[in-house]
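Index from 1, following the sequence. None of the values given here were measured: they were computed from a predicted structure.
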Amino acid sequence: MSVPSETSKQTPMKPVGPRLVIYRIAAWVTGVGLLALTFVALPLKYIWDVPGPTTVIGIIHGYLYMIYIVCTLVLAERVRWRPVTALLILLAGTIPVASFVAERKVTREVREREAAAG
């Protein structure tokens, strides 16, 4: 008797359409914004006492993160992720480099599930 794979245990997902591409763009833009904030703006503020970039890049990253949240939740609804999974992916936008890792894993999982579905 064979053991069902993890993919077959998951709830069937709705067609993803362009939502995956939009999520990927949002993840990359959010990740780049967070890297700029962390490795450019914050050192400028705390090492060289130049607070301007922190304010500007911080506000931009905040808006980009809100877009990332919406894109992630829309994709989560389509793919039918568990709430904990969606929350972990949402938190990836707050840790430098994590949004890039999450984007790769999400893309791989969604493409595998799409291939398995049809």
Side-chain angles (χ1 to χ4, degrees):
M1 183 160 106
S2 66
V3 177
S5 69
E6 183 65 30
T7 306
S8 65
K9 290 182 194 177
Q10 296 171 343
T11 307
M13 66 182 196
K14 299 176 185 176
V16 177
R19 290 163 190 86
L20 179 61
V21 173
I22 295 168
Y23 162 78
R24 293 182 72 193
I25 292 168
W28 273 87
V29 171
T30 300
V32 170
L34 185 56
L35 288 175
L37 179 64
T38 304
F39 297 112
V40 176
L42 290 177
L44 283 172
K45 179 178 180 177
Y46 292 110
I47 296 172
W48 293 286
D49 199 31
V50 181
T54 303
T55 304
V56 173
I57 295 174
I59 290 170
I60 291 170
H61 172 67
Y63 284 113
L64 293 173
Y65 183 65
M66 287 189 280
I67 294 168
Y68 174 77
I69 288 172
V70 170
C71 294
T72 302
L73 291 175
V74 167
L75 186 63
E77 186 274 329
R78 280 290 172 172
V79 178
R80 299 183 184 201
W81 286 326
R82 295 180 177 153
V84 172
T85 302
L87 181 64
L88 291 174
I89 294 168
L90 288 171
L91 289 175
T94 64
I95 302 168
V97 183
S99 67
F100 304 118
V101 174
E103 180 270 328
R104 295 300 294 169
K105 288 184 178 186
V106 165
T107 301
R108 186 178 321 117
E109 177 197 332
V110 170
R111 287 185 176 159
E112 286 174 359
R113 288 182 66 185
E114 281 182 324

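- With contacts defined as side-chain heavy-atom distances shorter than 4.5 Å, the pair Trp81/Leu88 does not qualify.
- Pro96 and Leu34 get closest at one heavy-atom pair: N-CD2, 3.5 Å.
- Scanning both residues, Ala98 and Ala92, for their nearest heavy atoms gives CB-O, 3.5 Å.
- Between Arg78 and Pro15, the closest side-chain pair of non-hydrogen atoms falls below 4.5 Å.
- Qualifying salt bridge (Lys or Arg N to Asp or Glu O under 4.0 Å) partners for Lys14, counting only residues two or more places apart in sequence or in other chains: Glu77.
- In this structure, Val79 and Glu109 have side chains that are in contact, with non-hydrogen atoms separated by less than 4.5 Å.
- Placement of Val70 and Leu75 in two distinct hydrophobic clusters is found when ILVMFWY residues are connected by side-chain heavy-atom separations under 4.5 Å, directly or transitively.
- Annotation: the span from Thr30 atom OG1 to Ile67 atom CD1 amounts to 7.5 Å, rounded to 0.5 Å.
- Once rounded to the nearest 0.5 Å, the distance linking CG of Leu42 with CG of Leu37 reads 4.5 Å.
- The two residues Pro43 and Thr38 have their closest heavy-atom pair at CD-O, 3.2 Å.
- A donor-acceptor pair shorter than 3.5 Å can be found between the side chains of Thr107 and Glu103.
- For the atom pair OG1 (Thr94) and OH (Tyr68), the distance works out to 8.5 Å, reported to the nearest 0.5 Å.
- The hydrophobic cluster containing Val50 also contains Ile47, counting ILVMFWY residues as joined when their side-chain heavy atoms lie under 4.5 angstrom apart, directly or transitively.
- Cluster annotation: Ile69 is connected to Val16 through the hydrophobic network of ILVMFWY side chains, with a link wherever side-chain heavy atoms come within less than 4.5 Å.
- No side-chain heavy atom of Ser99 sits less than 4.5 Å from a side-chain heavy atom of Trp28.
- Side-chain contact between Arg111 and Leu20: present, with at least one pair of heavy atoms (C-beta onward) separated by less than 4.5 Å.
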Quick one: side chains of residues 56-65, donor-acceptor pairs under 3.5 Å with protein atoms, not counting sequence neighbours, listed by atom name and distance.
unit_1 : atom_1 : unit_2 : atom_2 : d
Tyr65  : OH     : Leu90  : O      : 2.8

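- Considering only heavy atoms from C-beta on, Phe100 comes within 4.5 Å of Leu35 through its side chain.
- Atom-to-atom distance recorded for Leu73:CG and Leu87:CG is 9.5 Å, nearest 0.5 angstrom.
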